[in-house]
K.L.:
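Handing you a structure now.
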Amino acid sequence: TRTAFLRLGLFFEGSAEAVLSGLDAMRRIGAVNVIFDLRDNPGGVPAEAAEVLKAFAPKAGPVFEVRSRHKGYSSLFAAAGSGRLAGMKIIALVNSGTSMAAEVFARSLKDVSGAVLVGEATAGSVSLVRAFSLGDGRGLELSVARMFPPSGLDMEGKGGEPDLKTGGSESRRV
(Lines give C-alpha, C1' and ligand atoms only; values in the text may rest on other atoms or scores of the structure.)
Protein backbone atom coordinates (compact mmCIF):
# COMPACT_ATOMS: atom_id res chain seq x y z
CA THR A 1 0.00 0.00 0.00
CA ARG A 2 3.09 2.21 0.20
CA THR A 3 1.91 3.31 3.63
CA ALA A 4 4.14 4.00 6.64
CA PHE A 5 2.69 3.26 10.09
CA LEU A 6 4.02 5.04 13.17
CA ARG A 7 2.84 4.50 16.72
CA LEU A 8 3.66 7.64 18.71
CA GLY A 9 3.31 6.93 22.43
CA LEU A 10 4.70 10.28 23.65
CA PHE A 11 6.45 13.38 22.32
CA PHE A 12 9.67 13.28 24.38
CA GLU A 13 12.87 15.28 23.99
CA GLY A 14 14.47 14.11 20.74
CA SER A 15 11.43 12.22 19.44
CA ALA A 16 10.92 14.53 16.44
CA GLU A 17 14.34 13.62 15.07
CA ALA A 18 13.61 9.90 15.47
CA VAL A 19 10.16 10.20 13.85
CA LEU A 20 11.44 12.23 10.91
CA SER A 21 14.43 9.95 10.37
CA GLY A 22 12.10 6.94 10.28
CA LEU A 23 9.71 8.64 7.88
CA ASP A 24 12.58 9.67 5.59
CA ALA A 25 13.72 6.04 5.47
CA MET A 26 10.19 4.82 4.72
CA ARG A 27 9.79 7.42 2.00
CA ARG A 28 13.07 6.28 0.38
CA ILE A 29 11.61 2.79 0.03
CA GLY A 30 8.37 4.07 -1.50
CA ALA A 31 5.98 5.26 1.23
CA VAL A 32 3.62 7.98 0.01
CA ASN A 33 1.06 7.70 2.83
CA VAL A 34 1.45 7.70 6.60
CA ILE A 35 -0.75 6.54 9.47
CA PHE A 36 0.02 8.08 12.85
CA ASP A 37 -1.35 6.07 15.76
CA LEU A 38 -1.85 8.65 18.52
CA ARG A 39 -4.25 6.59 20.60
CA ASP A 40 -3.53 6.88 24.32
CA ASN A 41 -0.69 9.35 23.67
CA PRO A 42 -0.65 11.67 26.73
CA GLY A 43 1.18 14.47 24.88
CA GLY A 44 4.64 15.42 25.96
CA VAL A 45 6.88 18.21 24.66
CA PRO A 46 4.96 20.63 22.38
CA ALA A 47 8.14 21.71 20.56
CA GLU A 48 8.78 18.11 19.47
CA ALA A 49 5.25 17.80 18.06
CA ALA A 50 5.73 21.11 16.22
CA GLU A 51 8.99 19.92 14.60
CA VAL A 52 7.21 16.92 13.10
CA LEU A 53 4.36 19.15 11.88
CA LYS A 54 6.79 21.47 10.08
CA ALA A 55 7.92 18.57 7.87
CA PHE A 56 4.36 18.14 6.54
CA ALA A 57 3.62 21.83 5.94
CA PRO A 58 2.91 22.61 2.27
CA LYS A 59 3.98 26.25 2.72
CA ALA A 60 5.32 28.72 5.26
CA GLY A 61 3.05 29.46 8.18
CA PRO A 62 2.03 28.51 11.72
CA VAL A 63 1.77 24.83 12.65
CA PHE A 64 1.28 24.89 16.47
CA GLU A 65 0.86 27.52 19.17
CA VAL A 66 1.28 27.67 22.93
CA ARG A 67 -0.58 30.75 24.13
CA SER A 68 -0.35 32.35 27.58
CA ARG A 69 -0.84 35.67 29.31
CA HIS A 70 2.13 34.77 31.53
CA LYS A 71 5.56 35.91 30.36
CA GLY A 72 7.81 33.18 29.00
CA TYR A 73 5.18 30.53 28.26
CA SER A 74 3.94 31.55 24.79
CA SER A 75 5.46 30.07 21.62
CA LEU A 76 4.39 30.17 17.99
CA PHE A 77 5.86 27.35 15.94
CA ALA A 78 5.89 27.98 12.19
CA ALA A 79 7.20 26.28 9.09
CA ALA A 80 9.69 28.37 7.11
CA GLY A 81 8.46 26.89 3.83
CA SER A 82 7.35 23.64 2.29
CA GLY A 83 8.38 20.72 4.50
CA ARG A 84 10.33 17.74 3.23
CA LEU A 85 7.31 15.44 3.70
CA ALA A 86 4.69 17.81 2.29
CA GLY A 87 2.23 16.08 0.03
CA MET A 88 2.09 12.77 1.87
CA LYS A 89 -1.45 11.61 2.60
CA ILE A 90 -2.02 11.28 6.34
CA ILE A 91 -4.42 9.47 8.65
CA ALA A 92 -4.24 10.02 12.41
CA LEU A 93 -5.82 7.49 14.78
CA VAL A 94 -7.14 9.18 17.94
CA ASN A 95 -9.19 8.29 21.00
CA SER A 96 -10.21 9.70 24.39
CA GLY A 97 -6.70 8.91 25.66
CA THR A 98 -5.16 11.25 23.08
CA SER A 99 -4.45 14.41 25.06
CA MET A 100 -2.36 17.54 25.44
CA ALA A 101 0.25 18.02 22.68
CA ALA A 102 -0.90 14.81 20.93
CA GLU A 103 -4.48 16.00 20.39
CA VAL A 104 -3.30 19.42 19.19
CA PHE A 105 -0.79 17.62 16.93
CA ALA A 106 -3.62 15.57 15.38
CA ARG A 107 -5.78 18.64 14.76
CA SER A 108 -2.77 20.56 13.43
CA LEU A 109 -2.06 17.74 10.94
CA LYS A 110 -5.63 18.23 9.70
CA ASP A 111 -5.24 22.03 9.50
CA VAL A 112 -1.78 21.99 7.92
CA SER A 113 -1.89 19.03 5.56
CA GLY A 114 -5.49 17.85 5.32
CA ALA A 115 -5.02 14.73 7.45
CA VAL A 116 -8.07 12.57 8.14
CA LEU A 117 -8.71 11.91 11.85
CA VAL A 118 -10.15 8.48 12.65
CA GLY A 119 -11.42 7.12 15.98
CA GLU A 120 -13.16 8.92 18.79
CA ALA A 121 -13.09 12.41 20.32
CA THR A 122 -9.82 13.37 22.01
CA ALA A 123 -9.53 14.21 25.72
CA GLY A 124 -9.96 17.99 25.59
CA SER A 125 -7.04 18.55 27.92
CA VAL A 126 -4.80 21.11 26.23
CA SER A 127 -3.79 23.35 29.15
CA LEU A 128 -0.20 23.32 30.35
CA VAL A 129 -0.01 23.11 34.12
CA ARG A 130 2.85 24.17 36.35
CA ALA A 131 3.28 23.06 39.97
CA PHE A 132 4.48 25.59 42.53
CA SER A 133 5.78 24.66 45.98
CA LEU A 134 4.21 26.58 48.87
CA GLY A 135 6.46 25.04 51.50
CA ASP A 136 5.65 22.57 54.29
CA GLY A 137 4.87 19.90 51.67
CA ARG A 138 2.06 21.95 50.18
CA GLY A 139 1.78 22.88 46.54
CA LEU A 140 -0.35 24.61 43.97
CA GLU A 141 -0.98 23.70 40.36
CA LEU A 142 -1.90 26.45 37.93
CA SER A 143 -2.75 26.41 34.24
CA VAL A 144 -0.14 28.65 32.63
CA ALA A 145 -0.84 28.20 28.92
CA ARG A 146 -3.02 26.49 26.32
CA MET A 147 -2.07 24.80 23.09
CA PHE A 148 -3.81 25.58 19.80
CA PRO A 149 -3.74 24.25 16.23
CA PRO A 150 -3.25 26.79 13.39
CA SER A 151 -7.04 27.22 13.03
CA GLY A 152 -7.14 28.61 16.58
CA LEU A 153 -9.73 26.01 17.62
CA ASP A 154 -10.08 25.97 21.42
CA MET A 155 -10.10 22.27 22.32
CA GLU A 156 -10.03 22.66 26.12
CA GLY A 157 -12.85 20.65 27.68
CA LYS A 158 -14.24 19.69 24.25
CA GLY A 159 -11.50 17.72 22.56
CA GLY A 160 -11.24 17.20 18.86
CA GLU A 161 -13.86 15.33 16.87
CA PRO A 162 -12.61 12.79 14.35
CA ASP A 163 -13.65 12.93 10.70
CA LEU A 164 -14.52 9.23 10.82
CA LYS A 165 -15.86 7.87 14.11
CA THR A 166 -15.32 4.30 15.22
CA GLY A 167 -17.55 2.56 17.75
CA GLY A 168 -16.44 1.87 21.30
CA SER A 169 -12.97 2.23 22.72
CA GLU A 170 -10.34 1.84 20.05
CA SER A 171 -7.44 1.83 22.49
CA ARG A 172 -4.51 -0.27 21.41
CA ARG A 173 -1.48 -0.98 23.51
CA VAL A 174 1.66 -2.04 21.68
Side-chain angles (χ1 to χ4, degrees), residues 6-23 35-57 61-80 90 92-112 115 117-162 165-174:
L6 277 93
R7 168 81 176 117
L8 293 174
L10 180 71
F11 289 101
F12 56 88
E13 208 59 50
S15 63
E17 184 179 332
V19 167
L20 294 173
S21 175
L23 283 170
I35 297 172
F36 283 107
D37 186 349
L38 301 167
R39 294 173 294 181
D40 297 318
N41 181 321
V45 181
E48 295 293 321
E51 284 305 309
V52 175
L53 287 164
K54 289 177 187 180
F56 290 96
V63 296
F64 197 106
E65 183 178 8
V66 177
R67 203 180 299 163
S68 178
R69 63 180 177 199
H70 305 290
K71 186 177 182 179
Y73 290 102
S74 294
S75 297
L76 177 62
F77 301 97
I90 304 166
L93 306 177
V94 296
N95 68 1
S96 61
T98 307
S99 65
M100 303 291 289
E103 65 184 301
V104 177
F105 174 81
R107 179 56 198 225
S108 295
L109 277 173
K110 179 179 177 71
D111 290 355
V112 169
L117 307 183
V118 177
E120 55 190 49
T122 60
S125 176
V126 296
S127 290
L128 297 176
V129 178
R130 178 157 181 224
F132 297 90
S133 174
L134 301 175
D136 296 331
R138 297 178 301 142
L140 175 68
E141 286 188 346
L142 292 175
S143 292
V144 295
R146 264 194 196 157
M147 295 173 280
F148 293 89
S151 64
L153 178 69
D154 186 358
M155 299 170 68
E156 184 65 33
K158 301 174 234 99
E161 288 295 324
K165 290 185 179 186
T166 58
S169 177
E170 298 301 316
S171 178
R172 177 189 135 152
R173 308 253 180 207
V174 176

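Computed from a predicted structure; not experimentally measured.
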K.L.:
Looking at Glu48 and Ser15, what are the two nearest heavy atoms and their distance?
P.N.:
OE1-N, 3.3 Å
K.L.:
Output the distance between atom OG (Ser99) and atom CG (Asp40), rounded to the nearest 0.5 Å.
P.N.:
9.0 Å
K.L.:
If we only count heavy atoms from C-beta on, is the Val112 to Phe64 side-chain gap below 4.5 Å?
P.N.:
no
K.L.:
Given Leu109, which of Ile90, Val104, Val52 fulfils the side-chain contact (heavy atoms from CB on, under 4.5 Å) condition?
P.N.:
Ile90
K.L.:
Counting distance only, does the side-chain N/O of Ser151 pair as donor-acceptor with the main-chain N or O of Asp111 below 3.5 Å?
P.N.:
no
K.L.:
Does atom NZ of Lys158 have more than 12 heavy-atom neighbours from other groups under 6.0 Å away?
P.N.:
yes
K.L.:
For Phe56, check ring-ring contact (aromatic ring centres under 6.0 Å, His included) against everything at least two apart and list the hits.
P.N.:
Phe36
K.L.:
Determine, step by step, whether Phe148 and Val126 satisfy the side chain to side chain contact (heavy atoms under 4.5 Å, CB included) criterion, reporting the C-alpha distance in whole Å, the side-chain angles of both residues, the deciding distance to 0.1 Å, and the verdict.
P.N.:
CA-CA 8 Å; Phe148 293 89; Val126 296; over 6 Å; no
K.L.:
Write out all pairs satisfying salt bridge (charged side-chain N to carboxylate O under 4.0 Å, His left out) with one or both partners inside residues 121-144, taking only residues at least two apart or from two chains.
P.N.:
none
K.L.:
Any non-hydrogen side-chain atom of Val66 less than 4.5 Å from a side-chain atom of Phe77?
P.N.:
yes
K.L.:
Tell me the closest heavy-atom pair linking Val118 and Thr166, and the distance in Å.
P.N.:
CG1-CG2, 4.1 Å
K.L.:
Ignoring hydrogens and geometry, is there a side-chain-to-backbone donor-acceptor pair from Glu13 to Val45 under 3.5 Å?
P.N.:
no
K.L.:
When rounded to the nearest 0.5 angstrom, what distance separates CZ in Arg39 from CZ in Arg7?
P.N.:
7.0 Å
K.L.:
Glu103 and Thr98: side-chain donor and acceptor closer than 3.5 Å?
P.N.:
no
K.L.:
Working to the nearest 0.5 Å, report the span between CG of Leu6 and CG of Leu20.
P.N.:
9.5 Å
K.L.:
Find the distance between CZ (Arg146) and OG (Ser68) and round it off to the nearest 0.5 Å.
P.N.:
11.0 Å
K.L.:
Is Glu17 atom CD crowded by more than 12 heavy atoms from other residues, nucleotides or ligands, each under 6.0 Å away?
P.N.:
no
K.L.:
Would you mind reporting whether Pro149 and Met155 have side-chain heavy atoms less than 4.5 Å apart?
P.N.:
yes
